[in-house]
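Chain A is the first sequence line, chain B the second, and so forth, proteins listed ahead of strands; every chain is numbered from 1. Being a predicted model, the structure only gives us computed values, none of them experimental.
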Amino acid sequence: MEKVQLETVIKIEGKVINRSEETINREIETGEIEVSIENFNILGNCKELPLPVFSDQEYAEEIRLKYRFLDLRRKKIHENIILRSKVISFIRNEMNNLGFLEFQTPILTSSSPEGARDFLVPSRLNPGKFYALPQAPQQFKQLIMVSGFDKYFQIAPCFRDEDARADRSPGEFYQLDLEMSFVEQEDVFNVVEKLLVNTFKKFSNKKLIFEKFPKISYSDALLKYGTDKPDLRNPLIINDITETFTRDDMTFEIFKKLVKSGSKVRCIVTKNTKDKPRSFFDNIDKWAKDQGASGLAYFTIENDKKEYSAKGPIGKFFSKEALNEIMKKTNAQVGDSIFMACGKLNEIEKITSLARDRIAKELNLIDENTFAFCWIVDYPMFEIDEKSKKVIFSHNPFSMPQGDIDKINFKKPLEILAYQYDIVCNGIELSSGAIRNHIPELMYKLFSVAGYDKKQVDEKFSGMINALSYGAPPHGGIAPGIDRIVMLLANEKNIREVTMFPMNQNAQDLMMNAPSEVNENQLKELNLNIKKK
RNA sequence: GGGGGUGUAGCUCAGUUGGUUAGAGCGAUCGCCUGUCACGCGAUAGGUCGAGGGUUCGAGUCCCUUCACUCCCGCCA
């Protein structure tokens with residue numbers, strides 16, 4: 001019996017008996033009993049283990065993924081997967097109770113040129129043609145609304161052929177896809193907010209900072225946080241102080257020059273950091289440079305000789321009045337420090353957003369035991385494409401523009417806002433949704449702004465447009481990411497920790513050897529030739 | 001496509017300014033002991049130091065190239 005290796009599956013026959021008093025072990029669950037073995041045999045042998053199962057140690061991903069069935073026996077990930085199952089059935093139950101019906105939608109569907117890259121599946125019966133795996137059941141759920149089912153949901157697999165991140169599985173992931181008819185934005189918010197609050201209260205001990213999620217407009221979010229997925233646990237806020245650099249008494253010429261040519265200056269104020277060592281500031285500056293920015297200028301506000309002064313390498317460039325203006329604008333006080341970035345709008349949004357996280361971590365400002373949800377609303381319908389300088393849809397071409405439909409000024413497309421919204425929790429984008437545009441004429445108009453004529457729209461979205469022409473109800477929905485919800489609940493930083501059989505960063509399944517080559521016959525049937533390199 | 005980090009025994013890691021035969025713990029094998037419960041004790045096996053090239057009397061260590069994994073940027077309507 002002692003020769004039996006770890007992880008071997010055995011069958012024991014014998015009597016369960018009480019342990020004698022001195023051998024009772026209260027540390028373990030079965031510490032009061034033992035089995036008096038009469039007989040045992042081995043049901044499943046175990047080779048030498050490539051990774052220890054009975055251990056909390058961390059192991060290289062490669063080996064964990066290759067032997068996922070062993071990895072999954074380990075306590076932490078085993079519990080994560082159980083949590084995932086429970087969360088999903090809880091959500092399903094809640095949705096059912098709210099009167100939503102769960103439907104399946106096709107996995108083999110048509111490719112859409114917009115958005116993410118599609119996974120393509122060659123058709124044997126239709127040589128030269130391809131199915132695509134759905135990036136999301138977007139069009140189907142709208143068609144379900146048109147079909148008269150007014151509340152739909154699905155724990156839907158979504159497929160996107162894009163590169164992975166820690167919080168983004170390559171290839172496939174799951175969304176709680178939902179759609180409702182005859183609703184406005186607020187109706188969707190009410191359903192999802194309740195659902196998420198219930199789910200997070202049930203499955204986590206962490207405190208919800210907001211049970212009523214604050215709503216932040218997209219433009220506000222970019223100004224105050226530099227991103228449309230702000231971590232609201234972080235108290236730091238970004239301020240625009242570009243104006244101050246147009247003053248005559250401002251002598252910080254580097255920024256002044258940049259501002260003259262259209263650059264912006266934004267800053268982050270850190271409270272009571274005057275006693276931080278020089279290295280604190282320089283490290284952040286150096287870090288910013290490592291991130292590809294030109295650095296973060298800084299000074300600390302001091303109170304020398306009864307007058308405010310800016311102290312630091314660039315402090316001397318700031319007049320008393322200029323300093324006052326900045327303090328007024330940013331609510332900064334004596335003892336606070338100010339980090340500044342100057343550059344093109346999208347560049348400094350990016351670096352100040354990263355700096356906000358970085359500085360907060362450095363100063364330990366984030367309470368890890370909380371969840372901070374918010375809605376990001378009022379997304380713009382269109383944006384300018386950096387490369388082509390053309391007007392493109394900024395999010396979802398099927399979203400409903402805001403305002404009185406008859407009064408929308410299509411000549412100023414960048415000013416059109418959409419009923420488009422995101423949920424963000426702790427800096428992680430959990431979902432996006434929209435009230436959909438169910439009016440074909442309006443859709444043609446919006447598409448024409450983005451450079452598509454009626455014929456192109458009819459070709460691309462024939463199913464959709466056609467359906468909307470036969471009495472479509474106003475409708476809208478949202479699709480929270482299941483994997484990310486479980487990730488937050490399980491307190492994991494990586495989505496693979498809540499995915500049973502994940503692929504690695506290069507979208508390979510090391511256990512099943514996917515993707516793999518296929519044989520000549522398979523290719524022949526599909527009318528495919530592989531170009532050898 | 002680009003940038004950073006990592007790569008030494010089955011696993012987790014150490015390895016000094018370049019210097020003898022590359023070490024430890026866990027695991028494995030064999031044996032001993034045992035009312036043990038992550039048992040204990042002893043012995044043994046196990047290494048292309050990710051790969052290739054270079055510098056050097058000498059490379060795990062320095063240089064170049066490359067591969068794998070990972071994090072980030074791009075990308076993800």
Side-chain angles (χ1 to χ4, degrees), chain A residues 1-3 5-7 17 19-37 46-67 70-71 74-75 112-119 135-136 138-139 158-173 175 229 287 289-293 346-347 350-351 353-354 357-358 379-383 385-387 392-399 418 420 422 429 432-434 446-447 450 452 460-461 479 481 484 493-496 502-508 510:
Chain A
M1 177 83 189
E2 282 188 343
K3 299 265 178 194
Q5 292 212 13
L6 287 169
E7 297 301 311
I17 55 176
R19 290 188 178 197
S20 62
E21 190 58 40
E22 72 275 14
T23 57
I24 286 176
N25 183 351
R26 306 205 187 275
E27 307 274 303
I28 56 177
E29 224 176 307
T30 55
E32 292 184 26
I33 55 161
E34 57 191 13
V35 180
S36 173
I37 301 175
C46 181
K47 296 203 285 190
E48 185 176 352
L49 293 166
L51 65 106
V53 172
F54 193 64
S55 163
D56 294 330
Q57 205 161 353
E58 301 214 19
Y59 299 95
E61 289 268 0
E62 201 174 351
I63 200 108
R64 291 183 58 198
L65 294 180
K66 186 165 179 193
Y67 296 94
L70 289 177
D71 190 39
R74 297 170 66 222
K75 191 163 185 256
S112 67
E114 307 274 321
R117 287 186 197 91
D118 283 320
F119 281 101
Q135 297 174 22
Q138 180 61 40
Q139 294 196 48
C158 304
F159 305 89
R160 294 177 193 176
D161 189 4
E162 295 294 346
D163 288 358
R165 288 285 183 280
D167 64 352
R168 204 164 84 203
S169 294
E172 54 191 78
F173 62 97
Q175 289 182 339
K229 37 183 186 173
W287 163 87
K289 283 175 178 141
D290 287 344
Q291 299 298 309
N346 54 357
E347 283 166 16
K350 203 178 112 192
I351 190 62
S353 164
L354 289 169
D357 292 340
R358 168 72 200 218
Y379 276 80
M381 192 84 212
F382 299 102
E383 63 187 26
D385 182 49
E386 286 288 318
K387 286 175 206 152
I392 56 168
F393 286 106
S394 68
H395 234 74
N396 184 331
F398 300 127
S399 297
Q420 168 91 42
D422 273 17
E429 185 190 318
S432 63
L446 291 166
F447 268 101
Y452 297 89
K460 266 185 174 176
F461 306 106
R484 285 183 181 172
K493 294 256 183 301
N494 194 298
I495 205 151
R496 290 185 297 274
M503 295 198 282
N504 70 7
Q505 192 172 41
N506 297 320
Q508 300 159 338
L510 299 177

Side chains of Tyr379(A) and Asn396(A): any donor to acceptor distance under 3.5 Å?
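On atom types as modelled, these side chains do not qualify, holding no pair under 3.5 Å.
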Using the [atom1] atom as the reference point in each nucleotide, state the distance between [N] and [M] in Å, no decimals.
N	M	atom1	answer
rC26(B)	rU21(B)	C1'	25 Å
rG3(B)	rG54(B)	C1'	26 Å
rG31(B)	rC13(B)	P	33 Å
rC73(B)	rU17(B)	P	36 Å

Taking pairing as Watson-Crick or G-U wobble with both contacts under 3.5 Å, can you name the mate of [N], or confirm there isn't one?
N	answer
rC39(B)	none
rA59(B)	none
rG18(B)	none
rU6(B)	rA68(B)
rG25(B)	rC11(B)

How many whole angstroms separate atom CG of Asn504(A) from atom C1' of rA68(B)?
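These atoms are roughly 10 Å apart.
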Check: Arg19(A) side chain, rC37(B) base, donor-acceptor under 3.5 Å
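Result: at least one qualifying N/O pair found.
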